[in-house]
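Letters A, B, ... are given to chains in the order of the sequence lines, protein chains preceding strands, and every chain is numbered from 1.
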Protein chains: 2
Amino acid sequence: MARRAAGRRPGDSGTREAILAAARARFTEQGFRETTMRSVAAAADVDPALVHHFFGSKEGLFATAMAFPFNPADMVAGLLAQGVDGLGERLVRTLLVTFARLGPANPMIALLRSAVGHPPAAQMLREFLTGAVLDPVASAVRADRPRLRAELCASQVVGILVAREVVELPELRAADTATLVAAYGPTLQRYLTADL
Amino acid sequence: MARRAAGRRPGDSGTREAILAAARARFTEQGFRETTMRSVAAAADVDPALVHHFFGSKEGLFATAMAFPFNPADMVAGLLAQGVDGLGERLVRTLLVTFARLGPANPMIALLRSAVGHPPAAQMLREFLTGAVLDPVASAVRADRPRLRAELCASQVVGILVAREVVELPELRAADTATLVAAYGPTLQRYLTADL
DNA sequence: ATCCGAACTCACCTGCCGTTGAATTCCACG
DNA sequence: CGTGGAATTCAACGGCAGGTGAGTTCGGAT
C-alpha cells in the first residue's frame, strides 16, 4: 500500500476542493445514506479523518457540497422577467441545459436521491423548491390557484428527473432537447395558464 | 422487558403475515436500505432471527413483500380495452384510486424509494414498469413513437408520486381526485395522441 | 529563526446491521 | 403417546460505518 507520510502536504494541495468534488459526485450518484465518508475520502485520495476535520460531520459535508455553483433563484427570476408567455418552454429548456452543464455533480439529483429515507435532505429539497422556484413562479402566475399550478409544474419536472436519472427510461434518456422541450413545454404552460 | 418464552406459539399465530405486513409498511415508508430487519421484527413483535428463518435474507423478504395484492397487468389491460379515447383520464383516476386502496403498504412507492441506491430494486421497478405498463400502453397507441409516448406518461405519473409522497408538496397532497384528474388527464392524453 | 495554527495520517472506539447456530416449545401425524 | 419437524427465541459473530484523539508535518506571521 502506498502509504503517505503524515502531516501537511507541501504547496497548495487543493485537497478541500477535491473532497468537495468527490462528495458531490458520490451524493449525486448515490444519495446521502449510501454515500460513505470512507468512499468520499478514497475518491479524493485522502484519509477519512480529514473529511471530518474539514467539515465536522457527514451532515456538514452534505450541506457544504449541496451549494449550487450558481444562484438558482436568479435564474428563475430571469425566466420570469420575460413574462408568462412561453414560460413553460423556457423552464424546460433551461432545466435541460443546466443539467447538461452540471454533469456528474448535480445538487438537484443529489437532493432528490437523498430525500428518500433521509428527512433532513427532504426538508432541504422542499425549502429549495419552495423558495427558489415555487414561490416566485406562483407569484408570477396570473390565474386562479397559482400555488397549485406551480406544484403541478414541479411534479412534471421532478418526474422528468426521476424517470431519466433514477428509473432510467431509455427513450427519455435518448431523446434530444428539442423533442423534450416540444413534449413538456406545453404541459407546463397549460398548468400555468389554462383552465383547470 | 416483556421477554417471551422461546419456542413455538400456541394456535395459528399468523406471524408470517404479520411480518410481511410490517415489512411492506417499512419498505413503503423508507425504502430497502433504510429498512432494517430489526425494525421489521420489532414492528411485528418478533425476534429478528425469525424474519430470517421465514424469508432467508433481506432480499428474500423484499421480493416476497413486493408482490401486489392484485395483478397490475390485468388492471392496465382493462383500461386499454376501452380504447385510447379518454385513456389519460382513466389512467390517472385508476392510479389515484389504487393508491388510496393500498394505503401504507404500497409496492410502487416502496420500489420507487428502494430504487435509489439499491440497484436490484431499480431493476425490479424498471421491469415492472416496462412489462406491466409501458409495453402494453405503447402497443395500444396509434401514433408515431409509441414507446416515447408511453415513457412521457410514465414520467408524469412518477412525478405525481414523488411530488406527493417524497417531496410532499402540500397543495398536491390536499387536492381532491377530481382536481388531479382534470389537471393530469389531458396531459397524459396529449402525450398519447397529440403531435409531438 | 521561531512558533502557532492548519493540514494531514494513524489507530481505535462505539454502534448498528445482516446473518448464524443452537436451544426451546409446540403442532400434527402415526 | 411419542416423535419429527416447524415455529420461535437467544446469544453472538463479523463487518462496516461515523466519529475521536493524539501525533506529525508544513505554511506563514512575527
Side-chain angles (χ1 to χ4, degrees), chain A residues 1-23 26-27 29-65 113-114 117-121, chain B residues 1-23 26-27 29-66 113-114 116-121:
Chain A
M1 290 298 281
R3 200 124 117 189
R4 187 161 35 214
R8 188 169 187 156
R9 300 189 200 167
D12 184 4
S13 64
T15 302
R16 207 190 123 101
E17 283 311 311
I19 293 174
L20 271 181
R26 307 292 292 181
F27 282 138
E29 226 179 295
Q30 318 196 327
F32 180 82
R33 202 73 167 252
E34 320 297 324
T35 299
T36 71
M37 303 252 122
R38 287 169 146 91
S39 76
V40 169
D45 196 26
V46 143
D47 189 276
L50 187 60
V51 183
H52 210 269
H53 170 68
F54 277 132
F55 304 99
S57 71
K58 191 178 177 182
E59 292 282 353
L61 172 64
F62 185 68
T64 309
R113 283 205 139 102
S114 302
H118 188 60
Chain B
M1 291 294 282
R3 208 135 107 179
R4 188 160 35 212
R8 186 168 188 159
R9 300 190 201 163
D12 185 3
S13 64
T15 302
R16 205 189 124 103
E17 283 311 310
I19 292 173
L20 271 180
R26 307 293 292 182
F27 283 138
E29 227 178 296
Q30 319 196 326
F32 181 82
R33 199 74 169 250
E34 320 298 324
T35 298
T36 70
M37 302 253 123
R38 287 169 148 91
S39 76
V40 170
D45 195 28
V46 145
D47 188 277
L50 187 59
V51 182
H52 212 270
H53 169 69
F54 277 131
F55 303 100
S57 72
K58 192 179 177 183
E59 291 283 352
L61 173 64
F62 186 67
T64 308
M66 284 307 93
R113 283 207 139 102
S114 303
V116 177
H118 189 59

Inset, instruction - Specify the residues of residues 50-61 of chain B, ordered by number, for which at least one heavy atom lies under 4.0 angstrom from an atom of DNA chain D. - result: B:L50, B:H53, B:F54

Inset, instruction - Could you tell me which residues satisfy side-chain contact (heavy atoms from CB on, under 4.5 Å) with B:R33, sequence neighbours excluded, listed by chain and number? - result: A:E34

Legend entry - Side-chain heavy-atom pair B:F54, B:L20 within 4.5 angstrom cut-off: no

Inset, instruction - Tell me, please, which residues at least two apart from B:A21 pass side-chain contact (heavy atoms from CB on, under 4.5 Å). - result: none

Inset, instruction - Please report the shortest heavy-atom distance between B:A22 and B:V40, naming the atom on each side. - result: CB-O, 3.9 Å

Legend entry - Residue pairs involving residues 53-64 of chain A (criterion side chain to side chain donor-acceptor pair (under 3.5 Å); sequence neighbours excluded): A:E59-A:H118

Inset, instruction - Check whether any side-chain N or O of A:T35 sits under 3.5 Å from a backbone N or O of A:R26 as a donor-acceptor pair, and report yes or no. - result: yes

Legend entry - CG-CD1 distance between B:L50 and B:I19, expressed to the nearest 0.5 angstrom: 4.5 Å

Inset, instruction - Examine D:dA7: is either OP1 or OP2 under 4.0 Å from a nitrogen or oxygen in the side chain of B:T15? Give yes or no. - result: no

Inset, instruction - Take the C1' atoms of the five end pairs on each side of the helix from C:dA1-D:dT30 to C:dG30-D:dC1, get both axes, and report the angle to 10 degrees. - result: 0°

Inset, instruction - Go through residues 34-41 of chain B and report each residue with a non-hydrogen atom lying under 4.0 Å from DNA chain D, sorted by number. - result: B:R38

Legend entry - side-chain contact (heavy atoms from CB on, under 4.5 Å) involving A:S114 - partner list, sequence neighbours excluded: A:F32, A:F62, A:A121

Inset, instruction - Round to the nearest Å and state the distance from B:D47 atom CG to C:dT24 atom P. - result: 15 Å

Legend entry - salt bridge (charged side-chain N to carboxylate O under 4.0 Å, His left out): pairs with one or both residues in residues 40-57 of chain A, sequence neighbours excluded: A:R4-A:D45

Legend entry - Atom-to-atom span, CZ of A:R16 to P of D:dC26 - whole angstrom: 22 Å

